[in-house]
Q: 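The structure is given below, and queries will be raised subsequently.
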Amino acid sequence: MQLTEQEKKDILDCVLTTISHIGDKNYQKRIWIQGKGPEVDDFDETICHFFQEGDGVIEKYKDFGLTEIQLHLLRKFRDEFEKFSDENDLPQLFIDTPEWTKITMMAKEVLAAFDYQK
């Protein structure tokens with residue numbers, strides 16, 4: 001199935017929004033741990049959203065207009081996030097660890113490469 005340009009834009013925006021949540025510890029503490037709204041989200045949902053849409057963007061990166069730098073940073077982030085999420089599932093236990101801080105910094109690096117702003 002061929003995606004329209006608007007659908008591609010929406011999918012990429014969804015991926016980048018998810019990455020922005022991964023890069024924002026205040027969001028994580030407020031939403032994932034304390035459950036305060038208005039957003040409804042948790043770490044498991046974030047994992048699902050990212051890999052469901054993110055892998056498709058990486059696989060079809062040319063269709064999404066990614067530069068080589070964007071692709072490299074997105075792949076690197078995906079690989080590290082995958083390793084981390086395979087071994088961790090409770091944000092209250094990992095949110096202040098150096099390993100999670102590394103993931104949040106990588107997320108911010110990806111967002112900068114896409115010039116993404118909430």
Side-chain angles (χ1 to χ4, degrees):
M1 179 173 86
Q2 190 70 17
L3 296 173
T4 67
E5 291 305 312
Q6 185 60 48
E7 289 169 329
K8 291 177 203 172
K9 181 183 178 305
D10 291 345
I11 290 168
L12 184 58
D13 188 61
C14 178
V15 170
L16 294 174
T17 297
T18 301
I19 293 171
S20 76
H21 294 163
I22 295 167
D24 185 347
K25 284 191 182 184
N26 290 328
Y27 173 91
Q28 296 155 19
K29 288 176 182 177
R30 183 172 55 85
I31 304 301
W32 294 354
I33 296 174
Q34 298 168 352
K36 296 180 181 176
E39 303 90 345
V40 177
D41 189 13
D42 63 29
F43 184 62
D44 288 337
E45 275 189 54
T46 298
I47 292 168
C48 291
H49 283 259
F50 176 73
F51 290 110
Q52 184 175 33
E53 301 294 346
D55 284 346
V57 169
I58 289 170
E59 183 180 313
K60 304 275 186 185
Y61 71 95
K62 287 183 182 176
D63 293 345
F64 286 88
L66 271 62
T67 67
E68 290 296 322
I69 291 170
Q70 291 169 331
L71 176 63
H72 171 74
L73 289 171
L74 188 56
R75 271 189 185 143
K76 183 178 167 187
F77 172 77
R78 188 241 355 240
D79 294 346
E80 290 296 318
F81 184 56
E82 184 173 41
K83 282 186 240 172
F84 185 90
S85 62
D86 284 348
E87 298 173 5
N88 297 276
D89 61 352
L90 294 174
Q92 55 271 37
L93 298 179
F94 67 69
I95 198 161
D96 291 321
T97 65
E99 295 83 7
W100 183 246
T101 298
K102 177 184 174 187
I103 297 292
T104 63
M105 298 307 290
M106 290 178 78
K108 291 173 184 174
E109 199 177 354
V110 171
L111 296 174
F114 283 88
D115 196 26
Y116 180 83
Q117 314 240 337
K118 291 189 221 177

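Keep in mind it's a predicted model, so treat the numbers as computed, not measured.
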Q: Looking only at heavy atoms, which two atoms of Leu111 and Ser20 are closest? And how far apart?
A: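 The answer is CD1-CA, 3.5 Å.
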Q: Taking the side chain as every heavy atom from C-beta outward, state whether Ile19 and Leu74 have any pair of such atoms under 4.5 Å apart.
A: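 Yes - at least one pair of side-chain heavy atoms lies under 4.5 Å apart.
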Q: Could you walk me through whether Gln28 and His21 satisfy the side-chain contact (heavy atoms from CB on, under 4.5 Å) test, starting with their C-alpha distance in whole Å, then the side-chain angles of each, then the deciding distance to 0.1 Å, before giving a yes or no?
A: CA-CA 7 Å; Gln28 296 155 19; His21 294 163; over 6 Å; no
Q: Test side-chain contact (heavy atoms from CB on, under 4.5 Å) on Ser85 and Phe43; report intermediate values, then the result.
A: CA-CA 9 Å; Ser85 62; Phe43 184 62; 4.1 Å; yes
Q: Counting C-beta onward and ignoring hydrogens, is there a side-chain heavy-atom pair between Thr46 and Trp32 closer than 4.5 Å?
A: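 Thr46 reaches Trp32 side chain to side chain.
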Q: Ignoring hydrogens and geometry, is there a side-chain-to-backbone donor-acceptor pair from Lys29 to Gln34 under 3.5 Å?
A: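 Here the side-chain-to-backbone pair does not exist.
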Q: Glu5: which residues meet the side-chain contact (heavy atoms from CB on, under 4.5 Å) condition with it, sequence neighbours left out?
A: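 Residues passing side-chain contact (heavy atoms from CB on, under 4.5 Å) with Glu5: Lys8.
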Q: Is there side-chain contact between Lys9 and Phe64, with heavy atoms separated by less than 4.5 Å?
A: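 The answer is no; the side chains never approach within 4.5 Å.
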Q: Is a salt bridge present between Glu80 and Lys83, judged by a nitrogen-to-oxygen distance below 4.0 Å?
A: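 Looking at Glu80 and Lys83, the cut-off is met.
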Q: Does any non-hydrogen side-chain atom of Asp96 lie less than 4.5 Å from one of Trp100?
A: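 The answer is no, as the side chains (C-beta and beyond) never meet within the 4.5 Å cut-off.
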Q: Is the closest side-chain heavy-atom distance between Gln70 and Tyr61 below 4.5 Å?
A: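 Of all side-chain heavy-atom pairs linking Tyr61 with Gln70, none is under 4.5 Å.
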Q: Please find the pair of heavy atoms, one from Lys36 and one from Ile31, that lie closest to each other, and give the distance.
A: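 What the structure gives for the nearest pair is O-CD1, 2.6 Å.
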Q: Roughly how far apart are Thr104 OG1 and Glu109 CD, rounded to 0.5 Å?
A: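 Going from OG1 on Thr104 over to CD on Glu109, the span is 11.5 Å.
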Q: Would you indicate whether the side-chain heavy atoms of Leu73 and Phe114 approach each other to under 4.5 Å?
A: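 Not touching, per the 4.5 Å side-chain cut-off.
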Q: May I ask you to say whether Arg30 pairs ionically with Glu39, meaning some side-chain N is under 4.0 Å from a carboxylate O?
A: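 Salt bridge: yes.
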Q: Using modelled atom types only, decide if a donor and an acceptor are shared between the side chain of Glu53 and the backbone of Leu12 within a distance under 3.5 Å.
A: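 Pair absent, no side-chain N/O of Glu53 close to backbone of Leu12.
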Q: Tell me if a side-chain donor or acceptor on Gln92 pairs with a main-chain N or O of Ile33 at a distance below 3.5 Å.
A: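 Here the side-chain-to-backbone pair does not exist.
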Q: Could you tell me if the side chain of Tyr27 sits less than 4.5 Å from the side chain of Asp41, heavy atoms only?
A: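 In short, these two side chains touch, coming nearer than 4.5 Å.
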Q: I'd like to know if Asp55 pairs up with Lys60 as an ion pair, taking the criterion as any Lys NZ or Arg NE/NH1/NH2 lying under 4.0 Å from an Asp or Glu carboxylate oxygen.
A: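 Answer for the salt bridge query: no.
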Q: Do the two ring centres, one from Phe77 and one from Phe84, sit under 6.0 Å apart?
A: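 Aromatic pair excluded; centres sit 6.0 Å or further apart.
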Q: Using the test side-chain contact (heavy atoms from CB on, under 4.5 Å), find all partners of Glu7 that sit at least two apart in sequence or belong to another chain.
A: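 For Glu7, the residues satisfying side-chain contact (heavy atoms from CB on, under 4.5 Å) (neighbours in sequence not counted) are Leu3, Thr4.
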Q: In the structure I gave you, are the side-chain heavy atoms of Thr18 and Ile22 within less than 4.5 Å of one another anywhere?
A: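 Side-chain contact under 4.5 Å: yes.
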Q: Which residues pass the side-chain contact (heavy atoms from CB on, under 4.5 Å) test with Asp13, not counting sequence neighbours?
A: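 Once residues adjacent in sequence are excluded, the partners of Asp13 under the side-chain contact (heavy atoms from CB on, under 4.5 Å) criterion are Thr17, Tyr116.
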